[in-house]
Number of protein chains: 2
Amino acid sequence: MTRGDLFSPACPTRRLLDRIGSKWTSMAVKVLAEAAPGEVRFADLRRRIPGISQKMLSVTLQSLVHDGLVARRVEPAVPVRVHYRLTELGLSLEVPLAALREWAEAHMAEIDEASAGR
Amino acid sequence: MTRGDLFSPACPTRRLLDRIGSKWTSMAVKVLAEAAPGEVRFADLRRRIPGISQKMLSVTLQSLVHDGLVARRVEPAVPVRVHYRLTELGLSLEVPLAALREWAEAHMAEIDEASAGR
DNA sequence: CAGTATCCTCCTAGATACTG
DNA sequence: CAGTATCTAGGAGGATACTG
């Protein structure tokens, strides 16, 4: 199964991490997952992701939509409202991602200890 | 459980992804996991991670050792041999990471399709 | 409200050369 | 063999201002 990884860009895991590993992606997915199967508005996402700028939220959502993990729905109104939700694909990713989240919450303290200089 | 994430740096998942999401980390962990509980030498790791430079492998391993995920053993010889293996902590991370890998191998094609422009 | 458009700064990763 | 030391380029991410 190590076959096929003839050059790094071909490794699926690496490519997946390149996408979901970008600074705000995991938090956006988390918020959307908590609301699933419901939708979340742009402004709500922004409120629920402390510290994120308008631009970075926009960029992050665009890449998620582009990758087919998130669906975007524009509600025609003035001013417009845009709603986001995880797609089927996004929801399926949530499963392993939730496992990783649990691990992180359970073990990051150990990593911190090790990093601190033991 | 969304509590505590008052500011992004506090999110454990975000911080975990910052570490294992760096370019070569996931591949190094994968190779070490495949060899576990055995050790892998620096030169072997380099051979098994096509495209990685000496420096990047060194840097990657250092951060893993620093975080307590990998153990480093120097075999006194001339020239020296250095062996690496996953620690208990590293092995426990392998579980959710393997799940993510499986997802990536099963679904990256769908992401590619969506990205390609559908 | 939900973006775009600029500009700017750091940090990651690569290339290269040297050493115990 | 397994690193360390430099230098550099490129891109991610942030600040700010403007718009349909």
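Throughout, protein chains are lettered first and strands after them, A, B, ... in sequence-line order, and every chain is numbered starting at 1.
In terms of modelled atom types and a separation under 3.5 Å, the side chain of B:Thr87 and the main chain of B:Ala71 share no donor-acceptor contact.
In this structure, CD of A:Glu75 is placed 13 Å from P of C:dG3, rounded to the nearest angstrom. To the nearest angstrom, P of C:dA2 lies 13 Å from CD1 of A:Ile49. Residue A:Arg19 contributes atom CZ, which lies 14 Å from atom P of D:dG13 at whole-angstrom precision. Rounded to whole Å, atom C1' of D:dG13 lies 11 Å from atom CZ of B:Arg14. Between the CG atom of B:Leu57 and the P atom of D:dG3 there is a distance of 8 Å, given to the nearest Å. The CZ atom of B:Arg47 sits 13 Å away from the C1' atom of D:dA2 (whole-angstrom rounding). For the pair A:Lys23 NZ and C:dC10 P, the interatomic distance rounds to 14 Å; values are reported in whole Å. For the pair A:Tyr84 OH and C:dC1 P, the interatomic distance rounds to 14 Å; values are reported in whole Å.
Under a 4.0 Å N-O distance rule, the pair A:Arg101/A:Glu94 qualifies as a salt bridge.
With DNA chain C read from its 5' end, the first of the two nearest nucleotides for B:Gln54 and A:His83 is the one closest to A:His83.
Of the candidate nucleotides C:dA13, D:dA2, C:dG3, C:dA13 has the atom nearest to the side chain of B:Ser22. Here the nucleotide nearest the side chain of B:Arg81, chosen from C:dC1, D:dG13, D:dA2, is D:dA2. Here D:dA2 is the nucleotide among C:dA2, C:dG14, D:dA2 with the atom lying nearest to any side-chain atom of B:Ala43. Comparing D:dG14, D:dG3, C:dG3 against the side chain of A:Ser58 picks out C:dG3 as the nearest.
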>> Does A:Asp18 form a salt bridge (charged side-chain N to carboxylate O under 4.0 Å, His left out) with A:Arg14? I'd like the steps, not just the answer.
In response: CA-CA 6 Å; A:Asp18 270 344; A:Arg14 176 88 285 284; 2.7 Å; yes
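Base-pair partner of D:dG20: C:dC1 (Watson-Crick or G-U wobble, both distances under 3.5 Å). With both pairing distances under 3.5 Å, D:dC7 is matched to C:dG14 as a Watson-Crick or G-U wobble pair.
Of the listed residues (A:Gln62, A:Lys55, A:Gln54), just one forms a side-chain hydrogen bond (donor to acceptor under 3.5 Å, both in side chains) with A:Ser58, and that residue is A:Gln62.
Proximity of A:Ser53 to the phosphate of D:dG13: no side-chain N or O atom is located under 4.0 Å from OP1 or OP2. Contact annotation: A:Gln62 does not reach the phosphate of C:dG3 (side-chain N/O to OP1 or OP2, under 4.0 Å). Phosphate proximity of C:dT12 to B:Trp24: absent, as no side-chain N or O sits under 4.0 Å from OP1 or OP2. Side-chain N/O atoms of A:Arg72 include one lying less than 4.0 angstrom from OP1 or OP2 on C:dG3.
More than 12 heavy-atom neighbours from other residues, nucleotides or ligands sit within 6.0 angstrom of CZ on B:Arg41.
Taking OG1 of B:Thr13 as the reference point, atom CH2 of A:Trp103 lies at 10.5 Å (rounded to 0.5 Å).
Backbone-only engagement by B:Arg41 is indicated by non-hydrogen atom pairs under 4.0 Å involving sugar-phosphate atoms exclusively.
Checked by distance alone, A:Lys55 brings no side-chain donor or acceptor within 3.5 Å of a matching partner on the base of C:dG3.
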